[in-house]
Amino acid sequence: MLMSVILAAGKGTRMVSDLPKVLHPVLGVPLLDHVVEKVAALGCEPRVVVVGHGRDLVTSRFDGRGLVWALQEPQLGTGHAASVGVERGVEVAGEDGDVLILNGDLPLLEMATLERLLERHRAAGADLSLLTCEKSDPTGYGRIARDDAQRLVDIVEESDADEAMRARREINVGVYVFRIRVFRELFARTGANNAQNEYYLTDVVVAAARGGLVVETVPVESEAEIAQINTRRELAEVSETLRARLLDELMDGGVTMIDPSTVHVELGVRIGKDTTILPYVYIEHDVEIGSGCEIGPFTHLRPGTRIGDNVRVGNFVEIKASSVASRSKVSHLAYVGDAEVGEDVNVGAGTIFANYDGVRKNRTVVKSGAFIGSGTILVAPVTVGERAVTGAGAVVTRGKDVPDGSVVVGVPAKQLREASRPRA
Ligand code: UD1
Ligand code: CA
């Protein structure tokens, strides 16, 4: 059995925020989610999260995600947090097997690295394995000391380290696999004798190493991967690293970016091949775009947007919770919200889908082949029929559905008696 325990009870004082650190969004998704996703993908069971500061906010944000919550109150350090989490996990699943313990503030860790850690742990039959990294600037991390045989003998926090220790560049990443029984035994024997009067998880590691147990260290090559978030600056830096990684993945999948430095994408954005993203495009999480599209410049696509193939979305267009089917065009200055737009639709410049009546959001349907004239306002809920036309400046009022093939004009929009649009 492999259970996981994510440590997420800390306040994150250096964020200077009322929001718990782990809820700060990193590319549209809470920091904690980046770690939660990975333990789920590894098949960890149960998946325990240790919460404390802002616990109600955290648990409600992750409601329905199959997590087991452990409350750490008060917060007496990472060792204490791990123990609270492990005890909760043991209640659920017993103490056979291993536990993967991770700091909640490491969003850039890659799956392959975690897999490597677990493989090494199993292959070596280790009691405990942990990730380490050679950092060019180790400031702020726990430093690792080794003996002449290169065995780990100590981990010293910045605040407890003397000059010689601070000069060491190998650091503790904050990701560990323990045999559950070993963790419980060792934690029972560790104290809080350090500068911060906290129970350090690192002291449990040191106790294992000094007690002659099998301790494996697995190096992480890329420094970027282990970046932690303690401050807003680090939040911005990590977001930037992750954004660059996502853009590379999209380009590797056949998407053209004219100027990637100006394109914002969030986690879970999917884009088909031969789609071109022009400069200054802002795509939030949970957006899917088909192939052969042209998006931008200056386009804002918000969560729940689904775009088909060969669609054109142009300048100063915002789309939210809407689908736009293949070969349609929304080329200039439009807002499309809570809508279903069919195939081969032309949405003219300046069209507004008025989805909000001040109380609730309402849906608009525009069927295939419709032509929405420039400056049309579609007051939801309303449906525009197949191949129907709205004249420039028409205001189609709520519930006044436009029949298939008809033409409506004016304010409020009325159907022209004589005009019915022929099939193409
Ligand atoms: C910790 C490690 C350090 C390592 C670094 C890597 C210890 C003592 N130090 O330091 O060696 O280099 O991570 O990022 O473990 N937390 C709780 N309850 C607590 C305290 C912390 O849940 O009582 C959680 C935090 O929310 C956070 C994680 O544990 O997600 C790490 O805590 P943090 O204070 O960031 O530890 P560092 O000082 O960074
Ligand atoms: Ca930290």
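Just so you know, ligand 1 is whichever comes first in the structure, and atom 1 is the first atom listed for that ligand.
In this structure, Asn315 contributes its side chain and His332 its backbone to no donor-acceptor pair below 3.5 Å. Side-chain atoms of Ser328 come within 3.5 Å of backbone N or O of Asp344 as a donor-acceptor pair.
In summary, the atoms of ligand 1 found under 4.0 Å from a heavy atom of Asn230, numbered by their order in the structure, are 35 (O). Set against the non-hydrogen atoms of Gly104, the atoms of ligand 1 under 4.0 Å away are 30 (O). Close approach of ligand 1 to Tyr200 is summarised as follows: ligand atoms under 4.0 Å from at least one heavy atom of the residue are 8 (C). Residue Val173 has at least one heavy-atom neighbour below 4.0 Å for each of these atoms of ligand 1: 6 (C), 14 (O). Heavy-atom contacts of Gly142 reach the following atoms of ligand 1: 3 (C), 4 (C), 11 (O), 12 (O) (cutoff under 4.0 Å). If you number the atoms of ligand 1 from 1 as listed, the ones under 4.0 Å from a heavy atom of Ala81 come out as 17 (C), 18 (N), 22 (O).
Using cut-offs of 30° and 60° on the angle between ring planes, the pair His300 and Tyr282 is perpendicular.
An N or O contact shorter than 3.5 Å links Gly77 to ligand 1 by distance. Close N/O approach between Glu157 and ligand 1 is found [any backbone or side-chain N/O within under 3.5 Å].
For the Ca ion (ligand 2), protein N, O or S atoms under 3.0 Å: 3 in total.
Counting only heavy atoms of the protein, atom 18 (N) of ligand 1 lies nearest to Gln72 OE1, 2.7 Å. If you check which protein heavy atom lies closest to atom 30 (O) of ligand 1, you get Leu7 O, 2.7 Å. When hydrogens are left out, the protein atom nearest atom 14 (O) of ligand 1 is Gln228 OE1, 2.8 Å; that is the closest non-hydrogen contact. The single protein non-hydrogen atom nearest to atom 16 (N) of ligand 1 is Gly10 N, 3.8 Å, given as residue, atom name and distance. What sits closest to atom 21 (C) of ligand 1 on the protein, heavy atoms only, is Thr78 CG2, 3.8 Å. The protein heavy-atom contact nearest to atom 12 (O) of ligand 1 is Asn172 O, 2.6 Å.
Residue Ile171 places no heavy atom under 4.0 Å from ligand 1.
Paired with Glu110 under the rule side chain to side chain contact (heavy atoms under 4.5 Å, CB included), one option of Arg245, Lys38, Arg116 passes, and it is Arg245. Partner of Leu114 under the side chain to side chain contact (heavy atoms under 4.5 Å, CB included) criterion, out of Val218, Leu42, Val177, Val35: Leu42 alone. Among Arg146, Arg143, Lys135, the one residue that satisfies the salt bridge (Lys or Arg N to Asp or Glu O under 4.0 Å) test with Glu170 is Arg146.
Pro30 is listed as a side-chain neighbour of Phe62, based on a closest heavy-atom distance under 4.5 Å. The shortest distance between side-chain heavy atoms of Val58 and Leu32 falls below 4.5 Å. Counting only heavy atoms from C-beta outward, the side chains of Val396 and Thr364 never approach each other to under 4.5 Å. Annotation: side chain of Val68 is in contact with side chain of Arg88 (closest heavy-atom distance under 4.5 Å).
Under 4.0 Å from ligand 1, not a single heavy atom of Glu198 appears. Residue Ala9 touches ligand 1 through backbone and side chain together, judged by heavy-atom distances below 4.0 Å. Counting heavy atoms under 4.0 Å from ligand 1, residue Val22 does not touch it at all.
Residue Gln228 comes nearest to Glu234 through the heavy atom pair O-OE1, 3.4 Å, listed as atom of the first residue, atom of the second, then distance. Residue Arg363 comes nearest to Glu340 through the heavy atom pair NH2-N, 4.0 Å, listed as atom of the first residue, atom of the second, then distance.
Side-chain contact annotation: Thr390 with Thr376, donor-acceptor N/O pair under 3.5 Å present.
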Test salt bridge (Lys or Arg N to Asp or Glu O under 4.0 Å) on Asp286 and Arg306 and set out the steps.
CA-CA 9 Å; Asp286 187 28; Arg306 299 286 178 270; 2.7 Å; yes

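Distance check for atom 34 (O) of ligand 1: every protein heavy atom is found at 4.0 Å or beyond.
With values rounded to the nearest 0.5 angstrom, Ile289 atom CD1 is found 4.5 Å from Ile277 atom CD1. Note that CD1 of Ile229 is 7.0 Å distant from CG of Leu108, once rounded to the nearest 0.5 Å.
Heavy-atom proximity to atom 28 (C) of ligand 1, evaluated over Ile155, Asn103, Val50, is greatest for Asn103.
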